[in-house]
Every structure is written in structure tokens, then in C-alpha cells.
Amino acid sequence: MGAPDLATVFGIRDAVRSREITARDVCERALETIAAGDGGLNAFNLVMGEGALERAAALDRSREPLPLKGVPIAVKDNICTRGHATTASSRILSGYEPPYDATVIARLQDAGAIIIGKTNCDEFAMGSSTENSANGPSKNPWNPDYTPGGSSGGSAVAVAAGFAPAALGSDTGGSIRQPASFCGLVGVKPSYGRVSRYGLLAFASSLDQIGPFTRTVREAAAVLAAVAGPDPADSTAAREDVPDFEAALGGDVKGLRVGVPRRLLESGVDDEVLTSLHAALDTLQALGATLIDIELPYASAAIPVYYLVATAEASSNLARYDGVRYGFRTERPRSLNEMYTRTRDQGFGPEVKRRIMLGTYVLSAGYYDAYYLKAQQVRTLIASDYTRAFEQVDLVAMPTSPTPPFRLGERVADPLQMYLADVFTVSANLSGLPAISVPCGFTRDGLPIGLQLTSRMFDEITMLRAGDAYERATEWTSRRPPAYVAAQ
Amino acid sequence: MSQTFSREEVERIAALAALELTAEEVEMFTRQLAGILEYAQQVQTIDTTGVPPTAHVLGNRPVDRPDELRPSLERDEVLAAAPDPSPAAGLFRVPRVIG
């Protein structure tokens, strides 16, 4: 038997279970790789250190063959971890240590995983580049002049750079899939309701879902299986049985019908992204899938609908941050009202304020019908586009992002330009459908490109199966970025 | 129709949102919100006659659970996360409101 493969979920799990290595050793090595490599990348807001080592040592005392035994996992900093700072990369939550664990944290720990740190993100998950963070931007391990995407950029960097084989992010409009695409990883946005949101700091409650980042589809399936399922603490966690995602993998895509919305791809998509997409579609076809042209007539309205609905929900959800119960409060306020308004002005960054302002406006008297209600009606039309498409096809394929990774600073001054990065991802959130991003190529400059596959509601299996078959037919997953730090 | 915003309108929205904005922020948002809303106005050209709004993709499926007593968060731990707690009184302290 060779040395255990400490770069993968299964390599670690099997080595820890068979006692070739201890969970504590794995954890120590993960902490060393973070110490060695995160200085230039800024993936983490908090590294767990001693607490993680103690938990790993406790695991080593048990013989239970847990499904993620000893696997270090990085978690986006908008997911509550009991007794460990959870800030959503916002000043307004500086120092906040939640008195409870999110359901996904409890489930990962029950599965034997070790939470090794909290990852950087756009403040309250609002952004597409991790530049809206009170802790400064994360850098793309493929080229540190470029953004890793966002909002779950730190989670993507943690996996791409080799700090952990898996991470959790949250996806409200593409915040798992787009950074997965930008960092050459697999990222899954599960069906709305598949994963409990209890303990996820709410941004837009009807859109938010937690999901995994990994290097391969099979690893993503294993992490998703560990966190999915109904939860009495979240009434929107659906009472749907969680299928054996992993058991569905390893097969082919023969007979699978893949829908391609060609008209949607006619403009605004980068040439290199289109070339990679078409090559990926050719591969799926060569593997036995049938490509079918589909129409998604309302897809072009998805961005405005998303930014009206998401900001409206955000303006309501973020009303709770007022300096009373958590985190930051302004110095010496003279009145209660001044405490509220000044705490919020000093505590929130510009993008969060912009979205609270926009959301407050679209919900305000006189504008509600014209913006919010109208957006919700168009949301129905966007969802029905997919219902119609899924009468003909089993999957919908498109690029995850219309462009490859962009440079840090390039879009900061123009919020609308930043919003357009989400053009292919927001529809899955608006309709609730599951979607996955899998690596499908690189630009001439060596930056990753992602393929997005969308399935029917609660049919993650079909997209995982196709993603896995595609991954095994290509070699994108085997590449490592220049900033990769291998566990020693 | 092109969307225009006045500084007064931005200040009115900020008050509704309990945000105290600096002069520069008022200026920036006056410009940016107008641009974003002008872009968002394309939804108003879509015919939605008779189309029901979607507030939630799960619809109205009941997800009740039995109403049984179970432990909640410890009060002391919740208060410990606040900027100015009064654990003895079991309260969050805020600036004086009355008198």
C-alpha cells in the first residue's frame, strides 16, 4: 500500500478509518498548509487551530467508520459556528461568537469532518468577487492578480490552494458556482430546501442555499449527502428523502437529453468561454448524450428580477443588525435612534448599504407594485421556462459565468457591471432548481472555465451523474494552480 | 421612462432603512441607484397579465412539526454576544429612551 492520498476527501477518510494516519495528523498538516500558503491568498477569516486539533484527537479515540472521518472542511464565514467568530466578513458582526452551530456544522461533525476555519466572502454574501469583504479580497490561486469570484471566494480558494479537500459555501445568485468556475473546482447549488438554512446568516431567504466545493463530483456528492435532509429547525428544509448520491455515479450519460439555450449564448459571452462550452457539449455528445436546442425566453430578465427580489429580502433580513444583540455598536450614541443609524452606517460596507437602499426603495409605498410585485411575476415566468424545457430534456447546459475570472479591482467601481457576472447563475435560485459547476477548460492565460448543468427540482442525481461522467472523460480536474500547497 | 433620483429621495430611503449616510454616500447612491433602477426597469416591459407572483418556490406545502417543548438557547450565552448586555437583569442595554 502506498502513502495515503491526503489531497482528497476519500483518501483522508480511508486512511483515518484504517489508522494509517490519525485525524490529528491530518488536521495538523492542514493547519500547516494554511500557515504556509494563506498569507498571499486571504482565504480565511479565522483558522480553528487548537479546537480543531482537539476534535480530531477525539475522533481518533473512536472506531466508528464515519463517512467523512477526519476530513478537514473549510466553512464560509456566514455559517454559524458555536463559540467561533462568525462575521459574514462584516464589521457589524465583528467579534460575534454564535451560541449555536448551524445544522450543517452539526451534521458535518456527526459525519466525522473537522471544521478547520471560516472563509472570507463578500460581506453578507453580497458580491461576485470577494472584494466586498471587511477583511480585504481573497486572491485567485491560479493568478493572484485575479478574483477567485464570489461571494464564497474564500471557500473556493481554500480548496483550490490545497488547504482543505472540501468547503461549504452559500449560493443566493451563483455564489458557489461562480467561484467554483473561477477556481477550477466543482461547486453545487442544491435544490432549494435540500439543505437546512438554520444557522446561515440570511441574505435572501427564498434564494439562499448551502452547498459544497470540492475538486471532484464524487467528493461533492459525499459532502452534500452529509449535510442534506429535513430539519425541524428550518421549515423550508424540504421533507424529501435524500438519495444515495454517490451510488448514482460512475455510469455514463447514454440517452441523457441535454438542453442548450443557444439564443441566450449569442451575445455577451466571452469567446474562450464559448469555445470551452462547445467542446464540453461535444464531449457529452460523444459520451452518448443527445443535445437539444431549447428556448428560455425570459432568461434575459433574470438579472433585474434577481436584484429586485434579493435586495428586497436583504433589506428586511438585515434590519436585525442594529447594535443591540450582536457584534458592533457605535461609540457613545446620544439616543436610541442615533445608535441604530450610526451603528448601521459604520458597520455595513458600501455594497450592503447599496442593496439595503435598493431593497427598501422597491418595497416602499408607491413602488412595491411596479418593482417588487412585477419582479415576482416575472420570476414565475423564468421558472416556467425551465418547467417547459424539462418536458424535452433532462439537463440544461450553459457556461457558469459569461467570462473567465476578471482582475481584482476591475469591476469594483461599477456595481451594475459586477451584477452582470451572475447572468447564467441567478435563474437556478429564482426557480429553486439544483445546479452544478464543473471545470471544463482553461483560457490561454491559464485561468479556469466552468460548465453549468441544471437539473429538475430535487433531481441532483442527474446533474451529478453527468458531471461525473464528463469529469472522467476529461483531465481538467488533475491540474493544480501555481499557488497549490500540497499536504506533506 | 428614465429613472431619476433626488438627494432628498435617497435621504428618505436611508431614513426608512435606518441608515445614517455621509454626504459622499448620498451623492454616490443618488447616481448608482438611478443607474441600477433604470436597468431594472426592463421588467416593466414584460406582459405579466394573469401571472401569479412567486414569493417562494416551495409553494404552500405544510411543514408543521409537533408543538413540543424543547430547550432553547441559554440566555446567558445569547447575552454574552451582545455589545452591552446586563446579564444580572437578563436584558440588552440600550441608550435611555424615556425621561
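Sequence lines set the chain letters: A, B, ... in the order given, protein chains first and strands last, and positions in each chain run from 1.
- Residues meeting the side-chain contact (heavy atoms from CB on, under 4.5 Å) test with A:Ala237, sequence neighbours left out: A:Ser196, A:Asp231, A:Asp234.
- Listed options A:Ser205, A:Ala301, A:Ser315, A:Gly327 were ranked by heavy-atom pairs under 4.5 angstrom with chain B; first place goes to A:Gly327.
- Shown are A:Arg325, A:Arg329, A:Arg332; of these, the salt bridge (charged side-chain N to carboxylate O under 4.0 Å, His left out) with B:Asp84 is made only by A:Arg329.
- Between chain A and the residues B:Ala14, B:Pro53, B:Ala82, the most heavy-atom pairs under 4.5 angstrom are made by B:Pro53.
- Contact annotation: the side chain of B:Val57 never approaches that of A:Leu433 to less than 4.5 Å [non-hydrogen atoms, C-beta and beyond].
- Listed for the B:Thr48 side chain is no donor-acceptor partner under 3.5 Å among the backbone atoms of A:Val378.
- Two residues are said to be in side-chain contact when any heavy atoms from C-beta on lie closer than 4.5 Å; A:Tyr100 and B:Glu77 fail this criterion.
- Neither the backbone nor the side chain of A:Ala383 has a heavy atom closer than 4.5 Å to any heavy atom of chain B.
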Take A:Tyr307 and B:Tyr39 through the ring-ring contact (aromatic ring centres under 6.0 Å, His included) test and state the conclusion after the steps.
-> CA-CA 10 Å; A:Tyr307 279 93; B:Tyr39 173 75; 8.6 Å; no
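- Looking at every heavy atom in both residues, B:Ala81 comes nearest to A:Tyr96 through CB-CE1, 3.6 Å.
- Only the side chain of A:Leu420 comes within less than 4.5 Å of a heavy atom of chain B; its backbone N, CA, C and O stay farther away.
- No part of A:Ala312 comes within reach of chain B, as not one of its non-hydrogen atoms sits under 4.5 angstrom from that chain.
- Heavy atoms closer than 4.5 Å to chain A are found in the backbone of B:Arg93, but not in its side chain.
- Heavy-atom minimum distance, B:Leu19 versus A:Asp345: CD2-N, 4.2 Å.
- Proximity to chain A (any heavy atom under 4.5 Å) is shown, for B:Ile46, by both the backbone and the side chain.
- For the pair A:Leu416/B:Glu38, no side-chain contact is recorded, criterion being any heavy-atom separation below 4.5 Å from C-beta on.
- Distance NZ/A:Lys353 to CD/B:Gln32: 12.0 Å, rounded to 0.5 Å.
- For A:Ser384, no part lies under 4.5 angstrom from a heavy atom of chain B.
- Note: B:Ala17 leads B:Ala15, B:Pro85, B:Ala80, B:Ala17 in heavy-atom pairs under 4.5 Å with chain A.
- A tilted orientation is assigned to the rings of A:Tyr361 and B:Phe5, their planes being inclined by 30° to 60°.
- Panel note: side chain A:Lys374, backbone B:Gln41; no donor-acceptor pair is recorded below 3.5 Å.
- Separating the OG1 atom in B:Thr30 from the CE atom in A:Met357 is a distance of 7.5 Å, to the nearest 0.5 Å.
- At a 4.5 Å heavy-atom cutoff, B:Glu74 makes no contact with chain A through either its backbone or its side chain.
- The backbone N or O of B:Pro52 sits less than 3.5 Å from a side-chain atom of A:Thr380, completing a donor-acceptor pair.
- Only the side chain of A:Ser364 comes within less than 4.5 Å of a heavy atom in chain B; its backbone stays farther off.
- With rounding to the nearest 0.5 angstrom, the CD1 atom of B:Ile13 is 12.5 Å from the CD1 atom of A:Ile356.
- Contacts with chain B were tallied for A:Phe328, A:Tyr372, A:Tyr192; A:Tyr192 has the most, counting heavy-atom pairs under 4.5 Å.
- Proximity to chain B (any heavy atom under 4.5 Å) is restricted, for A:Met339, to the side chain, taken from C-beta onward.
- Note: A:Pro232 leads A:Ser206, A:Pro230, A:Pro232 in heavy-atom pairs under 4.5 Å with chain B.
- Of the atoms belonging to A:Leu358, heavy atoms from both backbone and side chain fall under 4.5 Å from chain B.
- Per-residue counts of heavy-atom pairs under 4.5 Å with chain B were compared for A:Gly193, A:Ala319, A:Ala370; the largest is that of A:Ala370.
- The greatest number of non-hydrogen atom pairs below 4.5 Å with chain A, out of B:Gln42, B:Met28, B:Arg12, is found for B:Gln42.
- Residues satisfying the side-chain contact (heavy atoms from CB on, under 4.5 Å) criterion with A:Thr341, sequence neighbours excluded, are A:Asn337, B:Ala18, B:Glu20.
- Heavy-atom distances place the side chain of A:Phe348, and not its backbone, under 4.5 Å from chain B.
- The two atoms that bring A:Leu336 and B:Pro95 nearest to each other are N-CB, 3.9 Å, heavy atoms only.
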